[in-house]
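Structure record follows, encoded as structure tokens.
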Amino acid sequence: MKRVERYLGFAFANADLLVEVDGDGTVRFAAGATLALTGWSDAELTGRALADLLAPADRALVRRLLAALGDSDRSAPRPVRLSRRDGREVVCVLAAYHLQGTPLVNVTFCQWAVGQARLPAPADVDPATGLLTRAAFTRAADEGLAPDQPGPPTCSAMTLLEMNNLADIRTRLTAEADGQLMTEIGAVFRHHGGAGAVAGRLADARFGVMAPASLAERITQDIARIAADLGLERPIEVDARTLDGDSFGLSRADRSRLLLHALRRFAEAGAAAVDVLSGQSAAAGFVKDAVGCLARLRDDLGGNRLSLVYEPIIDLKTGRMHHLEVLSRFNGDRPGAVITLAEELGVINDVDMLVCSLAMRELETAPADIILAVNLSAVSVGSDLFMQSLMTQLRAQAGLAGRLMFEVTETGQLGDLDRARAVLGAVRRLGHPICLDDFGVGMASFTYIRALDFDHVKLDGSFISRMCASKREEAIVAGMLALCRGLNISAIAEHVENPEQLLRLRGMGCAMGQGWLFSQAMDRPRRRDADLRPLSRPSAWRPTVQGTGG
């Protein structure tokens, strides 16, 4: 066998398509599955720009990868999308090697195989930069840092970058130039992040990347150079903070907690908000910051500054109230940030237990036909101490069976599904129905509904709010309702805000609804019209505070 043929054989053993590219990015040679992957023949690919073969979102990334290769350098494999002649996209793994003493770069493409790590779902990707959204980045970072995962963390360092003048620069650009700028910014993070990059856009001008601390300065420099490359009037001002978990001297669990706490603080308030957490004193800064936050939170919990409000869930067939969801308020405000902080500081169990206790106390004096639903974070469900304490209280108040429900929320991840099935099953056997909250958002919902038993499922309000304006969204809602019927689970639609949505959901067979339409109607129980059946409470009882629907 000739040496050239042998080399080609080695190459094809690990790739589907071989391409040789010159210094201008033009294809000089192509061989392999060219028609299958691109729709072009070998001869037709020769002389074309490599960028023309790539999906637009990946062109800047590949250009940066090839330009950064020195003599005899090899790039790490990266997932990219080839844009076929017919407009379809094919996901492949790209790798490149720069031949010594020549401008030519050898590029291989291997089609993404079943069983390889999943690419992010479209909803998890920021369309302007190709990076993960804030929620998706937080989940990915959490999974990589999770203390219960086997082996070392994927990466223990996180760099947070705020581009102080980005908004001002973008206002001076055309739509086309603005799109190019954001694509280039995304390409820098994807380039330096490596094949397993975790990079995200956390706010309009705030970004994060889980990557070795040594890359922080290079990322910052490349971002600053983008303006010159694009011919902008002034450079992007980058304010970066790197938190290296390996230098904290903390356990893996505390290190994860610190980084996720810093991520939230940065996304909400910018680089200055994490100054106390960066540098050599990061651990001390976190402790100081956490102690202060924890003291305020415990003060709120112990000082009766947590109150309950109630939001009705209505039977869509009868128009009668089925039950009330119990919602907590801290100092009168919605608790989103407080709940996140409680999870970060490891005290969410305290919050959940207090809300459960207050709801039980409310039911002791409420009429027998009142049913309350309390939220339980996945973190609390995953705690043996919490669930044992809850079961003790439920057994001691057997009269609450059928009157107290629990909604499992996805603010945290249920790790051990077999254990979760057992503990939630024990709660159900005591007569307390279980509901899965925010169904349809993220793949975890479908994992849960496959592995766990639920009495009710709440369809996430984002689908309900758009279903009357989009046939696609309506079809998704219809599909979720069909799934619930097939599993004999009662469906509750969130964010029902107008009579059109109500009628549509009734026609589709949805059992119950929740939202502003019902909350505001509760104050007018004698109302009659063609679109909204009369709403009534099961008794004359009024809760301490009536929710207004959210």
Side-chain angles (χ1 to χ4, degrees), residues 55-61 63-64 120 122-141 157-193 197-211 215-243 259-279 289 333-334 336-337 340-341 462:
D58 291 328
R59 291 171 184 169
L61 169 63
R63 174 174 50 77
R64 287 182 173 275
D124 289 335
V125 177
D126 173 51
T129 61
L131 303 176
L132 295 178
T133 62
R134 174 183 170 181
F137 178 77
T138 302
R139 289 196 302 270
M158 179 167 61
T159 296
L160 304 170
L161 301 95
E162 183 170 22
M163 303 177 193
N164 296 321
N165 61 341
L166 180 61
D168 185 50
I169 290 175
R170 295 183 66 192
T171 61
R172 303 167 188 270
L173 300 178
T174 64
E176 181 180 358
D178 180 62
Q180 186 179 9
L181 171 61
M182 299 309 292
T183 298
E184 292 289 343
I185 289 174
V188 169
F189 286 103
R190 296 171 67 195
H191 175 202
H192 287 300
V198 179
R201 187 181 184 188
L202 310 180
D204 285 346
R206 294 169 187 157
F207 300 81
V209 59
M210 298 295 295
L215 288 178
E217 186 175 351
R218 291 169 57 188
I219 292 173
T220 302
Q221 291 172 349
D222 280 3
I223 292 292
R225 279 196 292 263
I226 287 176
D229 294 340
L230 297 180
L232 303 181
E233 294 179 357
R234 51 186 175 143
I236 300 172
E237 299 170 1
V238 182
D239 193 1
R241 303 288 189 278
T242 296
L243 287 80
L259 292 175
L260 294 177
H261 177 66
L263 171 60
R264 180 182 63 82
R265 291 284 301 272
F266 171 79
E268 294 173 354
V274 297
D275 278 343
V276 71
L277 306 178
S278 59
D289 190 59
D333 296 327
R334 292 178 180 270
T340 301
L341 177 64
S462 62

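Atom CD1 of residue Ile185 and atom CG of residue Asp222 lie 12.0 Å apart, to the nearest 0.5 angstrom. Atom CD1 of Ile223 sits about 11.5 Å away from atom CD of Gln221, to the nearest 0.5 Å. Between the CG atom in Leu232 and the CD1 atom in Ile226 there is a gap of 9.0 Å [rounded to 0.5 Å]. Here CD of Glu162 is found 4.5 Å from CZ of Arg206. Values are rounded to the nearest 0.5 Å. With rounding to the nearest 0.5 Å, the separation of CD in Gln180 from CG in Leu230 is 5.0 Å.
Scored by the salt bridge (Lys or Arg N to Asp or Glu O under 4.0 Å) test, Glu184 finds Arg63, Arg64 as partners (sequence neighbours excluded). Partners of Asp239 according to the side-chain hydrogen bond (donor to acceptor under 3.5 Å, both in side chains) rule, which considers only residues two or more places apart in sequence or in another chain, are Arg241. Residues passing the side-chain hydrogen bond (donor to acceptor under 3.5 Å, both in side chains) test with Asp178 are Arg170, sequence neighbours excluded. Considering only residues two or more places apart in sequence or on other chains, Arg218 meets the salt bridge (Lys or Arg N to Asp or Glu O under 4.0 Å) condition with none of them. With sequence neighbours excluded, no residue forms a salt bridge (Lys or Arg N to Asp or Glu O under 4.0 Å) with Asp229.
When all heavy atoms of Leu61 and His191 are compared, the pair lying nearest together is CD1-N, 3.5 Å. Annotation for Pro235 and Ile169: closest pair O-CD1, 4.0 Å, computed over non-hydrogen atoms. Contact between Thr183 and Ala57 at its shortest, heavy atoms only, is CG2-O, 4.5 Å.
Across Leu166, Val238, Ile219, a single residue satisfies side-chain contact (heavy atoms from CB on, under 4.5 Å) together with Phe207, and that is Leu166.
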(request) Apply the test side-chain contact (heavy atoms from CB on, under 4.5 Å) to residues Leu160 and Leu202: give CA-CA distance (whole Å), side-chain angles for both, the deciding distance (0.1 Å), then the verdict. (result) CA-CA 9 Å; Leu160 304 170; Leu202 310 180; 4.0 Å; yes
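Between the Glu237 side chain and the Met163 main chain, no donor and acceptor come within less than 3.5 Å of each other.
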Could you tabulate the donor-acceptor pairs under 3.5 Å formed by side-chain atoms of residues 124-137, not counting sequence neighbours?
from	atom 1	to	atom 2	distance (Å)
Asp124	OD1	Arg139	NH2	2.9
Asp124	OD2	Arg139	NH2	3.2
Asp126	OD1	Arg201	NH1	3.4
Asp126	OD2	Thr129	N	3.2
Asp126	OD2	Thr129	OG1	2.6
Asp126	OD2	Arg201	NH1	3.2
Thr129	OG1	Leu131	N	3.2
Thr133	OG1	Ala136	N	3.3

